[in-house]
Amino acid sequence: MSSPPVVHRSWVEVSRQQIAANYRAIRNVVGPEVEVMPVVKADAYRHGAVEVSRILEAEGAGWLAVSNVEEGIVLRQAGIRARILVMADFLPGERDALIEFRLTPVIHQLPDVAEWNELITRRGGDGRYHLKIDSGMGRLGTRASAGVIIAAIEEARAVHLEGLMTHFASAANYATGQTSQQLELFSEVRKSLSAGGISPEFVHMSSSIPVAYGRKEAWGNMVRPGHAMYGYVSAARGEAPGVILDVAPALTWKAAVLSVKDVPQGALIGYGGICKATHPMRIAVLAAGYADGIPHRLSNRGKVIVAGQLAPIIGAVSMDLTTIDVTNCSAIQPGDAVIILGVEGDVRIDAQEIARVAGTISYSVLCGISARVKRVYV
C-alpha cells in the first residue's frame, strides 16, 4: 500500500531546471572569459543553499559566494566542492574554520592581512584571500592608498592575494554618476597595484545589475550574480540601456487552506477588526502568516492566487494565519493550495509585485520566507 502524500501548511517549490537555466543565461551573457560566482548567501535567498549549490556545481560552477563562515561550513558538510568565497566574515573566532573547511576569505582592512598571514604561518593551509576596496559604498573595504596596500601585501609572504573586489552602491541608478566614480577609483587602485607588481588572478565588481544591463566595463573577469540567479532583475532608474539578460523566477510559494466559511455583512475580520464585510462574504483562512514571511503590510492590501484568480487579503496578516476573500473565486475547500508568490494560468504575483505593495524590496520578500516554510524541489 502506497504512503499518503506529504502535506505541508506552507511550502515553496523550487525549480531545479529554472535555477540551472538562469545560471546558463548569465554564463552566456558574460562569455567564457568571465568567471561566474553565484551568490548563495542567506540560504540562497531562501531557495535552499545546499540544493541550489548542488545544481550549480552540476552546471559547472567553480565558485560560490556566501556571507559568513557558518554558511560556508554548511555547504562543505553537504559535500559541496566548489571554491567558496566568504564575503563578509573575518571575525577572530571564525578564522580557524576558514582553513579547516577550505573557505576563501574576503579581507576588508589591512591589519587583517597580517592576521591571516600569521594564522597561515602557524597552522598551514590555503592562504589565498580576496581584498575588498571601498570605492564609495562606505561599508566594508579598505580606503587605504595603493602604496599602503602594496606594503601590507608584500609583508604578508605566507598568503596570496588571489582577488581584488569592490561593491557598487547605486548600480541600478543611471541618473547618478556614483557607479562611474566607483569604477574610476577602483581602476586607479588596480593600476597602481599592477605598477607595483601585484596583479590578482580575479578582479570582480559586479553583482546582478551590471550584468543584466550589459555594463561590461564593470565586469572584470568575475561576476557575482545573486538576485538574477533566482530570476529577478531590478528596474533601473534614469537613462538605462536595455536588459540583455533573460531570467525567470525559480520559486513558487504556496499555502494550504485551513478553513472556508461564510460571514455576514458587517462582520469584523482579524485582529483589530480592520476589515468590515460590506456584503455577505465567503472567506478562506490560509496556514501562513508573518512568521512564515508574509509581510504584515499586506494586511488589507495584498493578493494571492486562488485557482487562477486573484483574491484579496482581508484583515490583518497574523503570525500563523492569513485571511482572504474568495467570494468571487471558484469553489475552494480545506486542503487546497493557494499561491502566495508564483504563476497560475495568466495570473502572476512575483517578489517585486509583493515588494511594491508592502513598501519594501524584492530581496527582502525572498529572504523573509521563513525557515519553517518547507522547501520542495521539482
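Both backbone and side-chain heavy atoms feed into the values below; hydrogens, waters and symmetry mates do not. Everything numeric in this text was worked out from a predicted model, so none of it was measured.
Applying the salt bridge (charged side-chain N to carboxylate O under 4.0 Å, His left out) criterion to E217, with sequence neighbours excluded, gives R215.
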Would you sort out whether Y230 and V247 count as a side-chain contact (heavy atoms from CB on, under 4.5 Å), showing the intermediate values? CA-CA 8 Å; Y230 308 104; V247 292; over 6 Å; no
Would you please test K276 and I269 for side-chain contact (heavy atoms from CB on, under 4.5 Å) and show each step? CA-CA 6 Å; K276 183 176 182 178; I269 297 166; over 6 Å; no
side-chain contact (heavy atoms from CB on, under 4.5 Å) between R83 and R128, worked out: CA-CA 11 Å; R83 295 287 303 281; R128 289 175 289 185; 3.0 Å; yes
What do the steps show when you test E13 against L251 for side-chain contact (heavy atoms from CB on, under 4.5 Å), and what is the final call? CA-CA 6 Å; E13 296 173 357; L251 178 151; over 6 Å; no
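Proximity of a side-chain donor or acceptor of H227 to a complementary backbone N or O of I209 within less than 3.5 Å is not detected. Q182 places a side-chain N or O within 3.5 Å of a backbone atom of A169 that can act as its donor or acceptor partner. Looking only at distances, a side-chain donor or acceptor of D89 sits under 3.5 Å from a matching main-chain atom of L91. In this structure, the side chain of T121 engages the main chain of N117 through a donor-acceptor pair within 3.5 Å. For the pair S187 (side chain) and L183 (backbone), a donor-acceptor distance under 3.5 Å is absent. Under a 3.5 Å cut-off, the side chain of Y290 and the backbone N or O of R297 do not form any donor-acceptor pair. In this structure a side-chain-to-backbone donor-acceptor pair under 3.5 Å is present from R27 to G31. Under a 3.5 Å cut-off, the side chain of Q178 and the backbone N or O of G136 do form a donor-acceptor pair. Listed for the S370 side chain is a donor-acceptor partner under 3.5 Å among the backbone atoms of A291.
Taking both residues in full, the closest heavy atoms of I313 and S299 are given as CG2-CA, 4.5 Å, listed atom of the first, atom of the second, then distance. Among all heavy-atom pairs drawn from W116 and G127, the shortest one is NE1-O, 3.0 Å. In terms of heavy atoms, G48 sits closest to Y377 at CA-OH, 3.2 Å. Nearest approach of A61 to A82, heavy atoms of both residues: O-CB, 3.9 Å. Considering every non-hydrogen atom in both V306 and E344, the closest pair reads C-OE1, 4.4 Å. Across every non-hydrogen atom of V113 and A156, the tightest pair is CG1-CB, 3.6 Å.
A salt bridge between R372 and D320 is present, with a side-chain N of the basic residue lying under 4.0 Å from a carboxylate O of the acidic one. Salt bridge status for R356 with E353: present, with a side-chain N to carboxylate O gap under 4.0 Å. Between R102 and D126, no side-chain nitrogen of the basic residue sits less than 4.0 Å from a carboxylate oxygen of the acidic one, so the salt-bridge criterion is not met. Using a 4.0 Å cut-off between charged side-chain N and carboxylate O, R375 and E51 make no salt bridge. Between K303 and D325 there is no salt bridge, since none of the side-chain N atoms of the basic residue sits less than 4.0 Å from a carboxylate O of the acidic one. A salt bridge is absent between D134 and R139; no separation between the charged side-chain nitrogens and carboxylate oxygens falls under 4.0 Å. Salt bridge present: R24 and E59 bring a charged side-chain N and a carboxylate O closer than 4.0 Å.
Under the 4.5 Å side-chain criterion, counting only non-hydrogen atoms from C-beta, D43 is not in contact with V74. In this structure the side chain of R282 never reaches within 4.5 angstrom of the side chain of K261, judged on heavy atoms. By the 4.5 Å heavy-atom criterion applied to side chains, V260 and I283 are not counted as neighbours. Residues S362 and Q352 have side chains in contact (heavy-atom distance under 4.5 Å, counting atoms from C-beta outward). By the 4.5 Å heavy-atom criterion applied to side chains, I149 and L193 are counted as neighbours. The shortest side-chain heavy-atom distance between Y23 and M229 falls under the 4.5 Å cut-off. The shortest distance between side-chain heavy atoms of M137 and T166 does not fall below 4.5 Å. You'll find the side chain of S170 reaches within 4.5 Å of the side chain of T176, heavy atoms only.
In this structure, Y129 has its ring center no closer than 6.0 Å to that of H160.
With 3.5 Å as the limit, one finds no donor-acceptor pair spanning the side chains of H130 and E201. Between the side chains of S330 and Q309, a donor-acceptor pair is found at a separation under 3.5 Å. With 3.5 Å as the limit, one finds no donor-acceptor pair spanning the side chains of T104 and W63.
A continuous path of ILVMFWY side-chain contacts below 4.5 Å connects M319 to I369, so both sit in one hydrophobic cluster. Criterion: ILVMFWY side-chain heavy atoms under 4.5 Å apart, direct or through other members. Under it, I198 and L131 are part of a common hydrophobic cluster. No continuous path of hydrophobic side-chain contacts links L321 to I339 [ILVMFWY only; heavy atoms under 4.5 Å]. Taken together through direct or relayed side-chain contacts under 4.5 Å among Ile, Leu, Val, Met, Phe, Trp and Tyr, M281 and V285 form parts of separate hydrophobic clusters. The hydrophobic clustering, which links ILVMFWY residues whose side-chain heavy atoms are closer than 4.5 Å, places L140 and L185 apart.
In this pair, Y363 and Y45 present their aromatic rings tilted. The plane angle is within the 30 to 60° band.
Residue pairs that meet the ring pair (Phe, Tyr, Trp, His ring centres under 6.0 Å) test with at least one member in residues 316-359, sequence neighbours left out, do not exist here.
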